[in-house]
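For reference, the structure is listed below as structure tokens.
All figures in this text were calculated on a predicted structure; none of them were measured in a lab. Just the heavy atoms: all of them, side chains too, but no hydrogens, waters or symmetry mates, feed the values below.
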Amino acid sequence: QTFNFKTIWDANTLQQSLPQKFVIFGDLGDTNNQVLSSVINESVTQNEADVIIHVGDIAYNMDSNQGKTGDIFMNQVQSL
């Protein structure tokens with residue numbers, strides 16, 4: 001599967017791209033992922049976010065259950 005993204009504005013395009021809307025979050029983990037992923041998906045599909053920044057603690061115990069925990073988590077966040 002191929003994923004893509006848009007690069008952020010540059011000095012020439014910043015002025016015409018104001019105001020910018022940011023979604024900044026952290027400490028995602030497996031438990032918080034359910035609510036947060038729907039918020040992020042809504043922000044993206046409704047074009048309400050220009051930049052999404054994850055500040056850390058993306059997941060825990062990815063190797064648990066012979067890696068199945070990590071597989072489940074990565075599948076949940078893949079669409080983000």
Side-chain angles (χ1 to χ4, degrees):
Q1 188 170 8
T2 303
F3 297 94
N4 57 55
F5 64 95
K6 293 188 308 183
T7 58
I8 203 163
W9 57 92
D10 62 23
N12 297 320
T13 60
L14 175 59
Q15 189 63 34
Q16 63 200 30
S17 299
L18 294 176
Q20 292 295 311
K21 296 167 274 184
F22 288 73
V23 173
I24 302 172
F25 65 98
D27 198 14
L28 186 55
D30 187 42
T31 304
N32 297 326
N33 180 42
Q34 302 303 315
V35 172
L36 187 57
S37 64
S38 62
V39 169
I40 293 172
N41 276 327
E42 264 186 47
S43 297
V44 171
T45 57
Q46 295 177 12
N47 206 24
E48 293 179 353
D50 298 301
V51 178
I52 299 174
I53 298 173
H54 190 291
V55 295
D57 287 343
I58 191 167
Y60 309 93
N61 305 323
M62 299 281 276
D63 60 338
S64 294
N65 198 15
Q66 296 183 325
K68 291 179 182 173
T69 299
D71 290 342
I72 292 168
F73 174 78
M74 295 307 287
N75 287 328
Q76 289 174 337
V77 299
Q78 183 175 338
S79 64
L80 302 178

Once side chain to side chain contact (heavy atoms under 4.5 Å, CB included) is applied, do any residues pair with [X], and if so which ones, sequence neighbours excluded?
X	answer
N61	S64
Q46	E42, E48
L18	L14, Q15, Q20

Could I get the full list of side-chain hydrogen bond (donor to acceptor under 3.5 Å, both in side chains) partners for D10, not counting sequence neighbours?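 D10 satisfies side-chain hydrogen bond (donor to acceptor under 3.5 Å, both in side chains) with T13 only.
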Distance check, rounded to the nearest 0.5 Å: K21 atom NZ versus I52 atom CD1? 12.0 Å
Shortest non-hydrogen separation from V23 to A49 and the atoms involved: CG2-CB, 3.7 Å
Taking NZ in K68 as the centre, count heavy atoms belonging to other residues, nucleotides or ligands within less than 6.0 Å. Is the count above 12?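 No - once you tally the heavy atoms of other residues, nucleotides and ligands closer than 6.0 Å, there are 12 at most.
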